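Okay, so here's the structure we're looking at.
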Amino acid sequence: MLGGTKRMSQNLFKSILIFTFIYGVLSTPPEDPIECSSNNTNCTVTNSYGMFPDRSICQAAQTLYPTTEQELVSMVASAARNKSKMKVATRYSHSIPKLVCPDGQNGVLISTKNLNTILRIDVEGETMTVESGVTLRQVISEAARFELALPYTPYWWGLTIGGLLGTGAHGSSLWGKGSGVHERVVGLRIVTPAGPEEGYAKVWNLSETDEDLNAAKVSLGVLGVVSQVTLKLESRFKRSITYVTKNDSDLGDQVLTFGQQHEFADITWYPSQRKAKYRIDDRVPTNTSGNGLYNFIPFRSTSTAVLAATRTTEDIQEATRDANGKCLGAIAVTGTLAATAFGLTNNGILFTGYPVIGFSNRLQSSGTCLDSPQDVFLTACPWDSRIKGQFFHQTAFSIGLSVVKNFIEDVQKLVDLEPQSLCGLELNNGILMRYVKASSAYLGKTEDAIDFDITYYRSKDPLDARLFQDIYEEIEQMGLFKYGGLPHWGKNRNLGFIGAIGKYPDAGKFLSVKEKYDPQGLFSSEWTDQVLGLTEGITIVKDGCALEGLCICSEDSHCAPSQGYLCRRGRIYKEARVCTRREEESASKSEV
Ligand SMILES: Cc1cc2nc3c(=O)[nH]c(=O)nc-3n(C[C@H](O)[C@H](O)[C@H](O)COP(=O)(O)OP(=O)(O)OC[C@H]3O[C@@H](n4cnc5c(N)ncnc54)[C@H](O)[C@@H]3O)c2cc1C
Ligand SMILES: *[C@@H]1O[C@H](CO)[C@@H](O)[C@H](O)[C@H]1NC(C)=O
Ligand SMILES: *[C@@H]1O[C@H](CO)[C@@H](O)[C@H](O)[C@H]1NC(C)=O
Ligand SMILES: *[C@@H]1O[C@H](CO)[C@@H](O)[C@H](O)[C@H]1NC(C)=O
Ligand SMILES: *[C@@H]1O[C@H](CO)[C@@H](O)[C@H](O)[C@H]1NC(C)=O
Ligand SMILES: *[C@@H]1O[C@H](CO)[C@@H](O)[C@H](O)[C@H]1NC(C)=O
Ligand SMILES: *[C@@H]1O[C@H](CO)[C@@H](O)[C@H](O)[C@H]1NC(C)=O
C-alpha cells in the first residue's frame with residue numbers, strides 16, 4: 001500500500017520533471033539581490049550568484065526605487081545633501097565583483113528596477129530611447145516589433161542597459177564598430193551630485209558630439225546614475241548559423257581569419273578534448289526562409305534535482321582527484337549540448353539540421369530561466385544560490401589579436417604537459433572566445449581582441465584547493481600579465497584587476513570626467529577606487545588567498561600547504577606564481 005503510494009508519487013515527480021524540462025514553466029525566478037527590512041532600510045546586497053569574490057556581504061542604509069527621472073534627481077539630491085555614499089543597483093545584479101556596494105554601511109542604493117520604460121522609438125532615424133533599467137530582452141523584442149535591430153549584444157538577455165554599459169558588455173564581432181553595446185550609444189542622460197546652487201543634483205544630456213560620452217558610456221557606475229540611453233539601431237535582418245567542430249591544432253591561426261570572415265563569429269574551445277567549435281554566423285537576405293530560435297540550454301530553467309546531482313558529482317570528483325571522471329563528464333556534457341544544437345531550433349520547436357536561419361532578435365540572446373511564476377524550486381537558473389547548483393569562478397579577459405596566437409599556443413603547451421587538466425572547464429561548455437574591437441570609450445577595449453570566458457569549479461570551502469589549481473592559475477596570470485589581457489569589468493577574481501587601469505591610455509581622461517561629475521566621490525567605493533588605481537589594496541593577502549584569486553601567492557600559506565599545495569613558479573610562464581601540488585611538482589622536476 002505504502003510502496004504503491006511512494007511509487008505513484010515518484011512517477012508523479014518524474015512526470016513533473018519531464019513536463020518542466022519540456023515547458024520550463026515550473027521555474028523559480030531569481031531572487032532579488034537586495035534584501036531590506038520592511039521599509040527599504042537596513043539592506044544587504046549581493047550579486048546574482050549570491051557571492052562576491054571575497055565572500056563578503058555588503059550593506060546599505062536604505063534602497064530607493066525611483067520611477068521617473070524627476071524622482072531620480074530628487075533622490076540623488078537628497079543623498080548628496082546628506083553627503084551619503086551611493087551606488088546604482090539593478091534588478092538582478094549580474095556583475096561578479098563588488099561594483100554594487102556603496103562605501104561603508106550607511107550608503108544608499110538606487111535601484112533601477114522601476115526605471116524600466118521604453119520611452120521613444122524613432123523608426124525613421126532608427127533609434128530607441130530607454131530608461132536605464134530596461135533589460136536587453138525588452139530592447140531586442142521592442143526593436144523587432146518595429147522591424148529594427150540592435151545587431152551585437154551579450155548572449156544573456158537579463159542584463160539591464162545601465163548595467164551592461166557600466167561594465168562594457170559585448171557580444172562577438174570584428175565588423176563595423178564591433179560588438180560592444182556602448183558603440184551604439186548616441187545619447188545618454190546621467191544624473192550626478194551637484195552643489196547647493198544647483199539643488200544638489202544635475203542632469204547631463206550627452207550626445208555623440210560630447211567628449212564626456214566616452215567616459216559615461218562605460219563608467220563602472222562611478223560618475224552618477226545613467227537615467228536614459230539612446231541606442232542606434234538598424235533594420236531588422238536575418239542570420240544563418242552553423243556550428244562546425246574541428247581539432248584545435250591550428251586554432252591560433254584560425255582565430256585571426258575567422259573573425260574577418262563571419263560577422264557574428266565566435267569560437268568555443270575544448271582544450272583537453274583538443275577541439276574547437278566554430279560558429280559560422282552571417283547575415284542573409286531577409287527573404288531567406290527560416291524561423292530559427294536560440295534558447296541556449298545553459299540559460300534555461302533547469303531541474304534542481306539534476307543540478308544538485310551534477311554538483312555532487314563534481315564535488316566528489318574534486319575530493320577524490322578523479323581527473324578521468326571529469327574528462328568523461330566533459331565529453332558527455334559537450335556531446336549532449338552538441339546533439340541538441342546548444343538550444344537552437346529551426347522553427348522554435350525542432351532542430352532538423354544546420355544552418356539555422358531566422359531573424360536576429362530570435363537568435364542573438366536568450367535566458368528563459370528568468371521567466372515564470374514562483375514555484376517550489378523544481379527548476380531555477382543553474383547558478384541560483386538558494387539551491388545546490390553551479391558555483392564557479394569566472395575569469396574573463398581580452399587579448400589583442402597581435403599576440404593571441406601565442407597565448408593560445410601557451411595554453412596548448414600546458415595541455416600537452418597535463419592533458420586532463422582542462423576537462424573541468426569543459427564541464428562548463430569550454431572557453432567561449434568572442435571578438436571585440438578597439439573603442440572610443442575611455443574604459444573600453446584598447447585594441448581589437450578576443451575575449452576569453454573561462455568558467456571553473458569553485459569550492460564552497462574557500463580553503464579547499466582544486467584539481468589542477470596550478471594550471472588554471474597559470475592560464476589566468478598568463479592571459480592577464482604575460483599577454484596584457486584586459487579584464488571584463490563585470491567578471492573576474494580580484495587578481496584580474498591588478499594593474500588593469502594602467503593598461504588604459506585614456507584612464508586619465510576618465511578620471512577627469514569623474515572629478516567633474518562627482519568631485520566628492522559619492523558614487524565611488526573602496527573597490528572602485530582600487531580598480532581605478534586611486535588606492536592600494538586590490539588583493540587581499542591572507543592564508544589561502546590564492547585559492548580564491550584574492551591574491552597571487554608569494555608564500556606557501558597563500559595556497560593550501562596542509563593539502564600539499566605550495567606556492568611555485570608556473571610551468572610555461574615562469575613569472576607566474578601558482579599553487580602547485582607536491583606530487584605534480586616532483587613529476588615536473590623529474591621531467592626536466
Ligand atoms: C548569465 C550571464 C551572462 C552574461 N553574458 C555576458 C555576455 O554575453 N557578454 C558580456 O560582456 N557580459 C556578460 N555578462 C556580464 C554582464 O554583462 C555584466 O556583469 C553586466 O554589467 C551586468 O549587468 P546588470 O544589468 O546585471 O548590472 P549590474 O551588474 O547590477 O551593474 C553593473 C555596474 O553598472 C552600474 N550600473 C548599473 N546601472 C546603472 C545606471 N543606470 N547608471 C549608472 N551605473 C549603473 C552598477 O552600479 C555596477 O557598477 C553575463 C553575466 C551573466 C550573469
Ligand atoms: C524603518 O524602520 C525602522 C525600524 O522599524 C525605524 O527605526 C526607521 O525609522 C524606519 N525608517 C524610515 C525611513 O521610515
Ligand atoms: C538590520 O538587519 C539585521 C538582520 O538583517 C538585524 O540583525 C539588525 O538588527 C537590523 N538593524 C536595524 C537597525 O534594524
Ligand atoms: C538624508 O537625511 C535625512 C535626515 O537624516 C533622511 O531622512 C533622508 O532619508 C536622507 N536621504 C538620503 C537619500 O539618504
Ligand atoms: C538632449 O540632447 C539632444 C541632442 O543634442 C537634444 O535633441 C535634446 O533636445 C536634449 N534634451 C534636453 C531635455 O535638453
Ligand atoms: C587536425 O586536422 C587537420 C585537418 O583539418 C589535420 O591535417 C591534422 O592532422 C589534425 N591534427 C590532429 C592532431 O588530429
Ligand atoms: C529574395 O529577394 C531577392 C531580391 O529582392 C531576389 O532576387 C531573390 O530571388 C529572393 N529570394 C528568395 C528566396 O525569395
Side-chain angles (χ1 to χ4, degrees), residues 31-47 50-52 55-90 93 100-115 132-133 147 149 190-196 198-203 221-227 234-242 282-292 346-347 352-360 363 385-386 517-525:
E31 188 173 35
D32 201 316
I34 301 171
E35 277 180 27
C36 301
S37 312
S38 57
N39 58 9
N40 289 335
T41 62
N42 191 24
C43 307
T44 59
V45 62
T46 180
N47 57 23
M51 192 65 76
F52 290 121
R55 301 196 185 220
S56 67
I57 290 197
C58 293
Q59 290 184 307
Q62 62 171 327
T63 305
L64 303 170
Y65 293 91
T67 60
T68 61
E69 185 177 280
Q70 226 177 351
E71 281 181 22
L72 172 61
V73 170
S74 77
M75 287 167 179
V76 171
S78 165
R81 194 184 307 115
N82 293 1
K83 294 195 166 42
S84 286
K85 291 284 193 164
M86 290 169 258
K87 275 291 175 197
V88 188
T90 61
S93 188
V100 69
C101 304
D103 230 9
Q105 305 187 347
N106 300 318
V108 174
L109 288 172
I110 299 176
S111 170
T112 60
K113 195 175 178 174
N114 299 331
L115 287 174
S132 64
E147 304 202 346
I190 181 167
V191 182
T192 66
E198 289 178 291
Y200 294 100
K202 176 172 180 177
V203 183
V222 300
L223 301 181
V225 189
V226 174
S227 161
E234 55 186 74
S235 294
R236 189 162 79 138
F237 58 90
K238 276 187 165 177
R239 285 160 67 165
S240 167
I241 304 178
T242 300
D282 294 289
R283 265 174 221 249
V284 293
T286 311
N287 61 359
T288 315
S289 74
N291 192 27
N346 299 76
N347 55 7
T352 51
Y354 294 118
V356 171
I357 296 168
F359 281 109
S360 177
L363 298 169
S385 64
R386 294 165 297 178
Y517 282 28
D518 181 19
Q520 300 188 74
L522 298 181
F523 281 91
S524 293
S525 63

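Numbering of ligands and ligand atoms starts at 1, following listing order. This structure is a prediction, so every number in the text was calculated from the model and none was measured. In what follows, every heavy atom counts, from backbone to side chain, and hydrogens, waters and symmetry copies are set aside.
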Show which side-chain atoms of residues 78-88 pair as donor or acceptor with protein atoms under 3.5 Å away, not counting sequence neighbours.
from: Lys85; atom 1: NZ; to: Gly521; atom 2: O; distance (Å): 2.9
from: Lys85; atom 1: NZ; to: Ser524; atom 2: O; distance (Å): 3.4
from: Lys87; atom 1: NZ; to: Phe523; atom 2: O; distance (Å): 2.7

Practice task
Is it possible for you to check whether Arg236 lies under 6.0 Å from the centre of the six-membered ring of Phe359, through NZ or CZ, and within 45° of that ring's axis?
Solution key: yes
Practice task
Nearest heavy atom to atom 2 (O) of ligand 4 wins, so pick from Asn106, Asn82, Val76, Val108.
Solution key: Asn82
Exercise for the section: Determine, using heavy atoms of Arg81 and all atoms of ligand 4, whether some pair is separated by less than 4.0 Å. Expected result: no
Handout entry: Proximal atoms of ligand 4 relative to Gln62 (non-hydrogen, under 4.0 Å)
Key = 9 (O), 11 (N), 12 (C), 13 (C), 14 (O)
Handout entry: Minimum-distance protein heavy atom relative to atom 9 (O) of ligand 7
Key = Asn287 ND2, 4.8 Å
Exercise for the section: Return the set of residues passing side chain to side chain contact (heavy atoms under 4.5 Å, CB included) with Ala77 (not counting sequence neighbours), or none when no residue passes. Expected result: Tyr200, Ala201
Practice task
Ignoring hydrogens, tell whether any protein atom lies closer than 4.0 Å to atom 7 (O) of ligand 7; use the non-hydrogen atoms only.
Solution key: no
Exercise for the section: Would you sort out whether Arg283 and Glu234 count as a salt bridge (charged side-chain N to carboxylate O under 4.0 Å, His left out), showing the intermediate values? Expected result: CA-CA 13 Å; Arg283 265 174 221 249; Glu234 55 186 74; 2.7 Å; yes
Problem - Ser227 and Glu69: CA distance, side-chain angles, deciding distance, side chain to side chain donor-acceptor pair (under 3.5 Å) verdict - result: CA-CA 6 Å; Ser227 161; Glu69 185 177 280; 2.7 Å; yes
Exercise for the section: May I ask you to check if ligand 3 and Asn42 share an N or O to N or O distance below 3.5 Å? Expected result: yes
Fill in the blank from the handout: Minimal heavy-atom distance between Gly50 and Ser385, with the atoms involved, is CA-OG, 3.8 Å
Problem - Interfacing atoms of ligand 4 (cut-off 4.0 Å, heavy-atom, Ser84) - result: 14 (O)
